[in-house]
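This report concerns only the one structure given below.
Only this structure's heavy atoms are used, side chains among them; waters, hydrogens and symmetry mates stay out.
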Amino acid sequence: MKNINEILQLTDEIEIIEAVGTIIWDKKNQSEDFSLLNDSERNFVYIDVFEGAMNEGGFNHFFSSEAGNFAEEIKEAYYAIKAPQTALLIEKAIRLFPNESYTDDLEKRNQILAKMDEIIFSDWEDLDEIFFADEQEEDIVALIVAYIHENKKDF
C-alpha cells in the first residue's frame with residue numbers, strides 16, 4: 001500500500017482518487033460508521049457517496065436511498081472542496097421537500113417521497129440535468145485532488 005506522498009506523485013487524477021479512496025474505505029470499514037475518519041476523509045466519502053447515487057438515478061435515487069441520509073453533510077463537503085455550484089444544487093434539492101420536511105431518516109423520508117407531488121420529481125430532474133451539465137464547469141475530480149493536496153496530512 002502506498003502512502004499519501006507516493007499517491008500524490010501519480011500523474012493521473014483518477015488514480016490518485018482511487019488510491020486515496022481505497023485507503024479511506026478500508027479505514028471506514030473497520031467501524032460501522034464514520035467515527036474512525038477525520039473531517040477531510042469524511043468529506044471525501046460524502047462526495048463519493050453522492051456521485052455514486054447521482055449516477056444511479058439522480059436526486060430521486062439519492063433521496064430514496066441511504067445516501068440521502070447525509071444530504072447536509074454532502075452539501076458541506078462540496079463547499080469544503082470549493083464546489084459551491086454543486087453545493088447549491090443540493091441545497092435547492094433539499095428545499096424542494098414540501099414544508100421543509102427533509103429528514104435524514106430514510107424510512108420517514110421515503111414516506112414523504114411516496115406522498116410528494118410529481119412537480120417536485122420533475123424539478124429534481126431539472127436539477128439532475130444541471131448537475132450533469134455543470135459537472136464540466138466544476139471539475140470535481142480536479143477539486144478533490146486539490147483538496148487532498150491541501151489537506152494531505154489528513155490522508
Side-chain angles (χ1 to χ4, degrees), residues 1-31 33-97 100 102-104 106 109-110 113 120-155:
M1 180 181 299
K2 296 180 177 183
N3 69 37
I4 192 64
N5 290 321
E6 292 172 322
I7 292 169
L8 290 175
Q9 295 300 313
L10 298 170
T11 56
D12 184 286
E13 291 177 329
I14 299 296
E15 285 183 38
I16 293 171
I17 290 172
E18 288 174 350
V20 170
T22 298
I23 292 169
I24 292 172
W25 281 106
D26 287 347
K27 184 176 177 182
K28 187 262 175 233
N29 288 334
Q30 294 173 18
S31 71
D33 57 18
F34 298 126
S35 61
L36 295 178
L37 304 181
N38 62 45
D39 289 341
S40 297
E41 292 168 326
R42 276 194 286 278
N43 286 335
F44 182 97
V45 169
Y46 290 140
I47 290 168
D48 189 37
V49 165
F50 179 72
E51 297 276 333
M54 289 299 288
N55 286 319
E56 286 290 319
F59 279 107
N60 187 17
H61 178 76
F62 171 67
F63 286 120
S64 65
S65 69
E66 287 184 8
N69 296 358
F70 305 100
E72 294 292 339
E73 293 89 344
I74 290 168
K75 177 184 73 173
E76 293 306 317
Y78 277 96
Y79 280 122
I81 68 162
K82 300 179 181 131
Q85 291 175 347
T86 304
L88 287 172
L89 278 179
I90 296 166
E91 191 171 311
K92 287 177 184 178
I94 293 169
R95 285 193 309 228
L96 286 172
F97 274 85
E100 299 180 25
Y102 166 79
T103 175
D104 62 3
L106 179 60
R109 197 170 55 252
N110 277 322
L113 290 171
I120 295 171
F121 294 106
S122 177
D123 289 345
W124 280 345
E125 288 175 6
D126 293 343
L127 292 176
D128 292 345
E129 288 181 31
I130 294 168
F131 172 77
F132 289 109
D134 284 354
E135 201 170 42
Q136 303 310 313
E137 277 185 49
E138 283 186 333
D139 185 346
I140 301 301
V141 170
L143 291 171
I144 291 171
V145 171
Y147 181 77
I148 294 167
H149 275 282
E150 291 167 11
N151 298 282
K152 77 177 187 177
K153 68 183 182 332
D154 295 340
F155 295 93

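Taken to the nearest 0.5 Å, the CZ atom of R42 stands 9.0 Å off from the CZ atom of F34. Distance check, rounded to the nearest 0.5 Å: CD1 of I4 to CG of L8 gives 4.0 Å. Between the CD1 atom of I17 and the CD1 atom of I140 there is a distance of 9.5 Å, given to the nearest 0.5 Å. Of the inter-residue distances, the one linking H61 atom NE2 with D128 atom CG reads 11.5 Å to the nearest 0.5 angstrom. Distance check: K92 NZ to D126 CG gives 11.0 Å after rounding to the nearest 0.5 Å. Rounding to the nearest 0.5 Å gives a distance of 10.5 Å between CG of L127 and CD of E125.
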- Task: Under the side chain to side chain contact (heavy atoms under 4.5 Å, CB included) rule, what do L89 and Y78 come out as? Steps first, then yes or no, please.
- Result: CA-CA 10 Å; L89 278 179; Y78 277 96; over 6 Å; no

- Any chance you could lay out the side chain to side chain contact (heavy atoms under 4.5 Å, CB included) test for I23 and I7, step after step, and finish with the verdict? CA-CA 11 Å; I23 292 169; I7 292 169; 3.4 Å; yes

- Item | Intermediate values then yes/no, salt bridge (charged side-chain N to carboxylate O under 4.0 Å, His left out), K27 and E41 | CA-CA 10 Å; K27 184 176 177 182; E41 292 168 326; 3.0 Å; yes

- Item | Verdict with supporting geometry, Y46 and E51, side chain to side chain contact (heavy atoms under 4.5 Å, CB included) | CA-CA 9 Å; Y46 290 140; E51 297 276 333; over 6 Å; no

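Counting only distance, with no hydrogens or angles, the side chain of E6 and the backbone of N3 share a donor-acceptor pair below 3.5 Å. At distances below 3.5 Å, at least one donor-acceptor pair connects side-chain atoms of N38 with backbone N or O atoms of D154. W124 contributes no side-chain N or O that, together with a main-chain N or O of G58, makes up a donor-acceptor pair within less than 3.5 Å. With hydrogens and angles disregarded, a donor-acceptor distance shorter than 3.5 Å links the side chain of E138 to the backbone of Q85.
A heavy-atom distance below 4.5 Å is found between the side chains of E91 and Y79. Looking at I16 and D12, their side chains never come closer than 4.5 Å, going by heavy atoms from C-beta outward. Looking only at side-chain heavy atoms (C-beta outward), N110 and L113 come within less than 4.5 Å of each other. With contacts defined as side-chain heavy-atom distances shorter than 4.5 Å, the pair F70/F50 does not qualify. For the pair N5/F155, no side-chain contact is recorded, criterion being any heavy-atom separation below 4.5 Å from C-beta on. Counting only heavy atoms from C-beta outward, the side chains of R109 and N69 approach each other to under 4.5 Å. Side-chain contact between I74 and I47: absent, with no pair of heavy atoms (C-beta onward) separated by less than 4.5 Å. Annotation: side chain of F132 is in contact with side chain of N55 (closest heavy-atom distance under 4.5 Å).
Note: Y102 and F97 have perpendicular aromatic rings, judged against thresholds of 30 and 60 degrees for the angle between ring planes.
A 6.0 Å sphere centred on NZ of K28 holds more than 12 heavy atoms belonging to other residues, nucleotides or ligands. The 12-atom threshold is exceeded at CD of E72, counting heavy atoms of other residues, nucleotides or ligands nearer than 6.0 Å.
A salt bridge is defined here as a Lys NZ or Arg NE, NH1 or NH2 lying under 4.0 Å from an Asp or Glu carboxylate O, and E150 with K82 meets this definition.
Of all heavy-atom pairs between F62 and A67, the closest is CE1-O, 3.3 Å. Nearest heavy-atom pair, L96 versus I120, reported as atom, atom and distance to 0.1 Å: O-CD1, 3.3 Å.
Outside the 6.0 Å centre-distance limit, the rings of F44 and W25 are not counted as a close aromatic pair. Taking the six-membered ring wherever Trp is involved, the centroid distance between the rings of F121 and F59 does not fall below 6.0 Å.
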